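Following: one structure in structure tokens, then a few remarks.
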Amino acid sequence: MKKQFFSLLALGLASTAFAQSSVTVFGSIDLNVTRSKAGSNSVTGMDQGGYLLPSRIGFRGTEDLGGGLSAGFWLETAVLPDTGASQGALFGRRSTVSLASKQYGELRMGRDYTPIFWNVSHFTPFGTVGVGGSSNIIEGWPLGLGSARTQSRASNSVGYFLPRTLGGVYGQLMFAFDEDVDGAKHQGGRIGYEAGPLNIAAAYGTTPAGGSDFKTATVGGTYDFGALKAYVNYLQYKLASDKQTNVLVGAAIPFGGGTIKASIARSDRSGPGLDADDARQVAIGYVYPLSKRTTLYTAYSHITNDGNAAYVTADSSPAGVPGEKSSGFQFGINHAF
Amino acid sequence: MKKQFFSLLALGLASTAFAQSSVTVFGSIDLNVTRSKAGSNSVTGMDQGGYLLPSRIGFRGTEDLGGGLSAGFWLETAVLPDTGASQGALFGRRSTVSLASKQYGELRMGRDYTPIFWNVSHFTPFGTVGVGGSSNIIEGWPLGLGSARTQSRASNSVGYFLPRTLGGVYGQLMFAFDEDVDGAKHQGGRIGYEAGPLNIAAAYGTTPAGGSDFKTATVGGTYDFGALKAYVNYLQYKLASDKQTNVLVGAAIPFGGGTIKASIARSDRSGPGLDADDARQVAIGYVYPLSKRTTLYTAYSHITNDGNAAYVTADSSPAGVPGEKSSGFQFGINHAF
Amino acid sequence: MKKQFFSLLALGLASTAFAQSSVTVFGSIDLNVTRSKAGSNSVTGMDQGGYLLPSRIGFRGTEDLGGGLSAGFWLETAVLPDTGASQGALFGRRSTVSLASKQYGELRMGRDYTPIFWNVSHFTPFGTVGVGGSSNIIEGWPLGLGSARTQSRASNSVGYFLPRTLGGVYGQLMFAFDEDVDGAKHQGGRIGYEAGPLNIAAAYGTTPAGGSDFKTATVGGTYDFGALKAYVNYLQYKLASDKQTNVLVGAAIPFGGGTIKASIARSDRSGPGLDADDARQVAIGYVYPLSKRTTLYTAYSHITNDGNAAYVTADSSPAGVPGEKSSGFQFGINHAF
């Protein structure tokens, strides 16, 4: 078998010999028309990623190794389908290889989400995307404050995920090597509990950046009352004397075959010269599924900026104006595959 | 179901939950050996895209929504397989999401071909590619004159396509947002009629560029006599006082299991200091299908440049010399998948 | 059929019509934790590609043309999954189209491995990758000396491969066009013989670079004794008065369900001011397959640099220090799909 492989290698046919393909091509395309305003400037244009699953295409697969063990890989590209461009590194959304055990959990290596990402993405009705996204008023999103670059993802990481056999408890740990790059090292973890209508989790992460530590702590959850699903999340970033606290409450209400979504969020920044740079965001939207894979959505969001805060609601927005209001309205479609 | 999705999301397995994959991987690889000459300089090298389907790889899928409705997506990369590089944005050939109705037509968003592209690609035996391509003597191809960038494709576009139930009539409209980029806004449409051996269409498009409007109008068609298929197309670009008129006539003749192709084209430019910058192209070729998906082809083309016109026949050609002749010969293979 | 194709083309649905997809998505993700040292500096980080199949994702397919003929394509991307980035051109690992005959061999066009690559990759237990890789002490790898860029691959190439019907003899020829780029033209060939436990091959290649010829000659082989597989390879590069000779001997020994691998290699450089710049590498490792597709591996390697030689063992290594030792230890996983 090995000999045969090398013979083929000699002909440049490497990897044919023992690779039985079992790859799933997956992703989503999300496009919308967005009207956004910042101060007195406004623009109408096309944005991507207004719904929970921003545009992407990926390749993944798993292999059953027997005895409850499996191996798997995941490569995922961020796509900006309004222009056809990709965003960041080719597989910068995620590029990992895993060894997983049903009993002992999963070991994962590569570029992946940091544990602290999941609360801000998960415990909000709009996720981190679109005009209503929870990250719109988070300073330095998606990289972090200072030279940190680990607010949503980390390269060169080793992660461990608890198995799903712990009676509702879930969790993960991550360590990312810095390889001598400032702001790249990361240590973090997340622990949660999910049972029936309840889902809560807390996460903490730290990254050395610019001689200090960029630290994130977050706790939040959801409760599904049936007629209404409630969301709440608290998030705090710190880097030396610069601190930001983000609090969000939200709701999702089944209505007319779809879901009404709403959230209120505020960010309070503190530090020398930063105390006044606060913001509030109010967002409301409606999503209507045409199928399990295809969804129409609309949302409106309004941000009030204080001090030198200059947050905006959309990627296609005019540049933020310090202390001036910002708003956005969008209507779009999300198609998952 | 939603709860389950969020549980998985918490583990970083987003999009697994409700995405049943139905993706088609498609494309073509086209490579040829080309000898091209411009003035007294010549070069022999490898080119791609000499046949109707330039090299690409793409991913697409459709989802039946019931009631004659469907959703779909399309992501397509331009590949230069002579070097392995991609060309332009990752999915710059096309990146769209669609909602389609058999009865009412298709609504499409994203980066797509402009309506004016199709005549110059379609009503010529060589398409816009290879040494015989109709676009070889079109000024500013593929972006357009001045700062326009919409001659073949537009980003941030919303398109509408007529349903195919109108007794042979087909057509499309497109609007592309500028998002404050000069030369990016586009409005255009195309209407055609196809019945039996006849296919004709006209298109018009306009893009504000550099304080003026870059306007394109085109009309053409094909008629299949059986022993010969005739092609004719007329195309006119205008930007302020700069104007170019391209006229092409061509033929495709079934012969020896393949097809002989020939075309004659001329471009007449007019405007201050531009009146003499005209050109003529004569092209002849033969394509021989080894199967429905694999085709061998050869072509020869000759361009006569007047004034300061400096058109060439191939990407790998030496730089064009104003007023000097240019020619190209190529032999290649196209493999679609 | 052709008319139908053009109708679809008019709607922007080109290539749907006659492309029945038969594409295989394949690749491998390889990640490891590596501690590398150069002089007195050391770093621990994450590397990719420590096992025989460095990380990649590709798309390939073949079409049976009847009568023993087939057409095929191959597009392959180099992936750096530690960061999610791709490396080099999008399909820079390989992008080819082929026409193959069982009787007469294969004609291949595009970007492909040069014939001289295969000995240095094939006749060593570690391939060209990882801390034990044979290429660690090869000057200018993977491009070559001077302006040459053909040590492992060439763009714009036409290749011919002997059929596999010659009683164990295999071989290939390649010609790559320069397209007026210095160091891009390549002419080379390889001939080998494989029968039972024996596999031997010799290759030669030449590339004009900087007014001289960059020439490579290599001969090597493997012999599988059962309890031990022996490897030996000799490689010599020359560019004007600059010459390097690399000799490697190695062994692979089945042990404990896996394989122990070891190699000793030396490089001797000669030329004005270069005579002392020699190096030696000793490498030992163990690979343990969890399945045919998933492999755990570990390796340790030590390089002794003389003169101004400054070779290192890993991509993530600190910069090499002239005349100083370098070492690397890695532990990782390779998952092919």
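Nothing here was measured: the structure is a model prediction, and the numbers come from that model. Order of the sequence lines sets the chain letters (A, B, ...), proteins ahead of strands, with each chain counted from 1.
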Best-contacting candidate, [options], against chain C by heavy atom pairs under 4.5 angstrom:
options	result
E63(A), R153(A), R111(A)	E63(A)
A71(A), G88(A), G92(A), S95(A)	S95(A)
G61(A), G66(A), G72(A)	G72(A)

Is there side-chain contact between [X] and [Y], with at least one heavy-atom pair below 4.5 Å?
X	Y	result
L90(A)	L90(C)	yes
Y170(C)	F161(C)	no
R190(A)	Y204(A)	no

Which bit of [X] comes within less than 4.5 Å of chain C, counting heavy atoms only: side chain, backbone, both or neither?
X	value
F177(A)	side chain
F73(A)	both
T77(A)	neither

Part of [X] within contact of chain A (heavy atom distance under 4.5 Å):
X	answer
V79(C)	side chain
N32(C)	backbone
S28(C)	neither

Would one find more than 12 heavy atoms of other residues, nucleotides or ligands at under 6.0 Å from atom CD of E179(A)?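 Yes, because the 6.0 Å sphere around CD of E179(A) holds more than 12 heavy atoms from other groups.
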State whether the number of non-hydrogen atoms from other residues, nucleotides or ligands found under 6.0 Å of K261(C) atom NZ is greater than 12.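 Buried by this count: over 12 neighbours within 6.0 Å.
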Could you tell me whether R164(C) and E194(C) have a side-chain N and a carboxylate O separated by less than 4.0 Å?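 The answer is yes: the pair qualifies as a salt bridge.
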Can you confirm whether or not the ring centre of F331(C) sits under 6.0 Å from the ring centre of Y297(C)?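 Centroid distance F331(C)-Y297(C): not below 6.0 Å, so no.
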